[in-house]
Protein chains: 2
Amino acid sequence: MNGTPGPGPAGGPAPRRDLAAMVVPLARALVAAEEPVLRAHRVSMWGYVVLNALAEQPVRTQAALAQSIGADKSRIISVLDELQEHGLIERRPDPADRRVHLLALTEAGRRRRESVRAAIQRQEEERVLAALPEADRAAFIRALRILSTLPPEDIRG
Amino acid sequence: MNGTPGPGPAGGPAPRRDLAAMVVPLARALVAAEEPVLRAHRVSMWGYVVLNALAEQPVRTQAALAQSIGADKSRIISVLDELQEHGLIERRPDPADRRVHLLALTEAGRRRRESVRAAIQRQEEERVLAALPEADRAAFIRALRILSTLPPEDIRG
DNA sequence: TATTGTTATACTCTATAACTATA
DNA sequence: TATAGTTATAGAGTATAACAATA
């Protein structure tokens, strides 16, 4: 309700809520906001995560892909199955080691990812970033970029 | 690895990852960082959320409390049981309406919440905010404060 | 009949552990 | 024997629905 909640006139360090207490609800809201967009584009949340991962770092084995998105290797299998059925990725056995499946985006996959991304980011600009003082937007995104790529160990201690 | 990933020289709007793709991993890392602190203070994550909620808006019914923290009323019951066992909150039947239980922090609860909060925020200053350019820190917190209190409907559309 | 707190049930995710095929 | 991918099982967390007491 008010801008500076909390302790009285005594002063002291300006009180703030814990970062987690602010970031977690924001994360939930952002994910919820993506859901209708993803549905409209016929892609699941994990499917979109995988499309992004493959677009950012072209080829990899399934285990490496899983690790890069913080998932278990068993968890992404149904996701890959579905993406493949829809023609968005290719899975081809590696001639050099027939145990591994080489992963690659198809052209359709690349296009799909682009249109989902455009729709999501447009919504973010209009509904999220627009709520911020214009002078703070760049700093906010800069901070997010830094913190989201910080190794979790650095944060845990 | 590099500051400005992505598309080549063509230009266009500076590419960025989706906000959700940055905020979700950050949220996970922040929660993971709180866990050892909470364990050391013998409070569960949900317990701490409840202590904070009660400290910020003193008295309320269980249903209202649940709603204020985005949980189902059935989900907080075991949490309240445990906090009460530990003497951190009081649950007293409302004389005016004997269906409702009036909730209140005990003095021990208030103190416990304060020490957990101090420990968590100290860690956040040292490990998270310290990673940001100093000029960006205030803007980052300002932005979080605004966005985390934005009604989810405003974000979803 | 509607509402508060509670308990019981079901469902969704996720992690773990077995299994196969290659190496 | 060790590893990549897959499948099956089990566990945690959450939501939904039924219940008793009170209004």
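Proteins get letters first, then strands, A, B, ... in listed order; numbering begins at 1 in each. Please read these numbers as outputs of a predicted model, since none were measured by experiment.
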Rounded distance (Å) that lies between atom P of D:dG13 and atom CD1 of B:I76: 17 Å
Separation of atom NE2 in A:H101 from atom P in D:dG5, rounded to whole Å: 7 Å
So do the side chains of A:E82 and A:L88 get within less than 4.5 Å of each other, counting heavy atoms only? no
Kindly indicate whether the side chain of A:I69, heavy atoms from C-beta on, has any atom under 4.5 Å from the side chain of A:I76. yes
Can you check whether A:R91 has a side-chain N or O nearer than 4.0 Å to OP1 or OP2 of D:dA4? no
Could you work out, with salt bridge (Lys or Arg N to Asp or Glu O under 4.0 Å) as the rule, every residue matching B:R111, not counting sequence neighbours? B:E107
With side-chain contact (heavy atoms from CB on, under 4.5 Å) as the test, pick out the partner of A:E34 among A:R39, A:Q123, A:E124. A:E124
Range on DNA chain C touched by chain A, heavy atoms, distance below 4.0 Å: C:dT14 to C:dA23
Determine whether more than 12 heavy atoms belonging to other residues, nucleotides or ligands lie under 6.0 Å from atom CD of B:Q67. no
So that I can tick it off, tell me whether A:E125 and B:R16 are bridged by a salt bridge, with the cut-off set at under 4.0 angstrom between side-chain N and carboxylate O. yes
Taking CZ in A:R137 as the centre, count heavy atoms belonging to other residues, nucleotides or ligands within less than 6.0 Å. Is the count above 12? yes
Residues in residues 29-50 of chain B with a heavy atom under 4.0 Å of DNA chain D, by number, are B:W46
Under 3.5 Å donor-acceptor pairs involving side-chain atoms of residues 42-49 of chain A, not counting sequence neighbours:
unit_1	atom_1	unit_2	atom_2	d
A:S44	OG	A:G47	N	2.9
A:Y48	OH	B:D18	OD2	2.5

Measure the distance from CG on A:D81 to C1' on D:dG5 and round it to the nearest whole Å. 11 Å
Whole angstroms only, please: what is the CD1-P distance between A:I77 and D:dG5? 8 Å
Measure all distances between protein nitrogen or oxygen atoms and nitrogen or oxygen atoms of nucleotides 16-23 of chain D, and list the pairs falling under 3.5 Å.
unit_1	atom_1	unit_2	atom_2	d
D:dT16	O4	B:S74	OG	3.1
D:dA23	OP1	B:R98	N	2.9

Can you list the residues that meet the side chain to side chain contact (heavy atoms under 4.5 Å, CB included) rule with A:E114, with sequence neighbours excluded? A:R110, A:R117
Judged by atom type as modelled, is there a donor-acceptor pair below 3.5 Å linking the side chain of A:T61 to the main-chain atoms of A:V100? no
Length of the CG-P vector between A:L65 and D:dT6, whole Å: 12 Å
Short side-chain to backbone donor-acceptor contact, B:R112 and B:H41, under 3.5 Å: yes
